[in-house]
Amino acid sequence: MSKPRLRKLKGIWYIRYNRGEGRKEKLKSTGSRDHQEALRILAEFTRDLEARQHDYSGKYSGMSLTFRETSDLFFEDCKRRDLRPATRNSYKISLENLSEIIPYAAKVNQFNEEVLRQFTDSLRTRVRPKEGTTKRRAASINVNLRSVRTYLNWLYERHYIPRKIRVMLVKVDNKLPKILTPDELKKIYEKVEDPKLLATYKTYERTGLRLTELFSCTREGNYLRVSSASKGRKERVVPLPEEFVEDYEIATNDPYLPEYITKQFTKFRENAGVAEGKTLHSLRHTFACNTLIRTNNLMIVKSLLGHASVQTSEIYLQFPEDYLKEMLTEKVETPTPPVAQA
């Protein structure tokens, strides 16, 4: 590849460059009639171009790439690191939302905390409110902010921006996990007439698997090996009680699609008269709380759920132990003794 050079056309200096052998030469305007200013822009452009050829090594500290250029490089890097498609798509949506505030043509060295505050304010107006309320979903806003934070940290680590930009998340009310009592589970299961669906729900209840993990795990005797293709890319082993092996085999033999499984569970929950807000994921919360009662060991809960940090598992400690035992322990009715006959 030939080195970029200047060319003057109608009084304006342009940068002549090509992107590789056999490719047509391109012109990029410096927007300047001053030769010294054009030379400065040329030097900057050349550093940026060389940085791409050196795998973003970070040794070029005078970067002034655009939002568009760096976002393209960011996604190339994400793909090279084999990030999950869902993760890459989340990043893509968040950066597209950011482009509503910052034009793709803007230089990344213009990013600052004020821009991020404007971005947060824009998310408050665009993120859909929770059904039945006017309050925007703080968790959804934070998904966008975390993705943008990852991108900004990536820029800083590769010296595309001179300093780290702090991204402030919005406050989220800590909600307790929604667990299902034995009575609620019984009511829901009574509505399920399809044996495969019933086996699927019981498998989730007794293993604590995430929705998609059912499709990426394998059985080894009375254990499930949950594939590293699941969330966090960390493989783990989960016990499968003997009495639920048959349910697992039924559920995973030509399994239903995830969307169908969740949609049907919502229908059964509604028909059973169980409180709104308890979803298929509540089976995972129920498994976690049952495990905590049985083992009294938060590290075991962390390991079985596949949490990256024990802090994530600590939410289950917010339930008083007596409350959990009352909620999750089957009630056994004591038969009334017969009245003695006179």
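Residue indices begin at 1 and follow the sequence shown.
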A.B. asks: Is the backbone of V170 close enough, under 3.5 Å, to the side chain of N142 for a donor and an acceptor to pair up by distance?
C.D. replies: yes
A.B. asks: Do H281 and Y204 have side-chain atoms, one donor and one acceptor, less than 3.5 Å apart?
C.D. replies: no
A.B. asks: Any heavy-atom pair between the side chains of L123 and L145 that's under 4.5 Å?
C.D. replies: yes
A.B. asks: Is any side-chain heavy atom of K202 less than 4.5 Å from a side-chain heavy atom of E243?
C.D. replies: no
A.B. asks: Listed by chain and number, what are the salt bridge (Lys or Arg N to Asp or Glu O under 4.0 Å) partners of E190, not counting sequence neighbours?
C.D. replies: none
A.B. asks: Mind checking who shares a hydrophobic cluster with L9, ILVMFWY linked at side-chain heavy-atom distances under 4.5 Å?
C.D. replies: I12, Y14, L27
A.B. asks: Using the side-chain hydrogen bond (donor to acceptor under 3.5 Å, both in side chains) criterion, which residues pair with S313? Sequence neighbours excluded.
C.D. replies: H307
A.B. asks: Can you find a heavy atom in the side chain of F265 that is under 4.5 Å from one in the side chain of I261?
C.D. replies: no
A.B. asks: Which residues satisfy the side chain to side chain contact (heavy atoms under 4.5 Å, CB included) test with F287, sequence neighbours excluded?
C.D. replies: T291, L304, L305
A.B. asks: So, does R284 use its side chain to make a donor-acceptor pair with the main chain of G208 at under 3.5 Å?
C.D. replies: yes
A.B. asks: Partners of Q311 by side-chain hydrogen bond (donor to acceptor under 3.5 Å, both in side chains), sequence neighbours excluded?
C.D. replies: S309
A.B. asks: Please identify each residue that fulfils side chain to side chain contact (heavy atoms under 4.5 Å, CB included) with I250, with sequence neighbours left out.
C.D. replies: K196, A199, E246
A.B. asks: Do I101 and L169 belong together in a cluster built from hydrophobic side chains that touch within less than 4.5 Å?
C.D. replies: yes
A.B. asks: A side-chain contact here means heavy atoms from C-beta on lying under 4.5 Å apart; do L283 and R206 qualify?
C.D. replies: no
A.B. asks: List for me each residue that meets side-chain hydrogen bond (donor to acceptor under 3.5 Å, both in side chains) alongside E100, sequence neighbours excluded, and say none if there are none.
C.D. replies: none
A.B. asks: Determine the interplanar angle of the Y256 and Y260 rings, folded into 0 to 90°, and report it as parallel if under 30°, tilted if 30 to 60°, perpendicular if over 60°.
C.D. replies: tilted
A.B. asks: Return yes if some donor-acceptor pair links the side-chain N/O of T312 with the main-chain N/O of A308 below 3.5 Å, else return no.
C.D. replies: no
A.B. asks: What residues, two or more places apart in sequence or in another chain, satisfy salt bridge (Lys or Arg N to Asp or Glu O under 4.0 Å) together with E205?
C.D. replies: none
A.B. asks: Taking D34's backbone N and O only, do any of them form a donor-acceptor pair with E37's side chain (distance below 3.5 Å, no angle check)?
C.D. replies: no
A.B. asks: List the steps, then state whether ring pair (Phe, Tyr, Trp, His ring centres under 6.0 Å) holds for F111 with F67.
C.D. replies: CA-CA 9 Å; F111 290 180; F67 180 19; 5.7 Å; yes
A.B. asks: Taking the side chain as every heavy atom from C-beta outward, state whether Y201 and L280 have any pair of such atoms under 4.5 Å apart.
C.D. replies: yes
A.B. asks: Check side chain to side chain contact (heavy atoms under 4.5 Å, CB included) between T66 and all other residues, then give those that pass, not counting sequence neighbours.
C.D. replies: R68, E69, K107
A.B. asks: Treating T30 as the side-chain partner and W13 as the backbone partner, does any N or O pair qualify as donor plus acceptor under 3.5 Å?
C.D. replies: yes
A.B. asks: Partners of N290 by side chain to side chain contact (heavy atoms under 4.5 Å, CB included), sequence neighbours excluded?
C.D. replies: T286, L328
A.B. asks: Any pair with a residue in residues 108-119 that passes salt bridge (Lys or Arg N to Asp or Glu O under 4.0 Å), sequence neighbours left out, goes on the list, sorted by first then second residue, please.
C.D. replies: E113-R163, E114-R117
A.B. asks: Any chance you could lay out the side-chain hydrogen bond (donor to acceptor under 3.5 Å, both in side chains) test for S71 and Y91, step after step, and finish with the verdict?
C.D. replies: CA-CA 10 Å; S71 61; Y91 290 165; over 6 Å; no
A.B. asks: Can you name the salt bridge (Lys or Arg N to Asp or Glu O under 4.0 Å) partners of E193, sequence neighbours left out?
C.D. replies: none
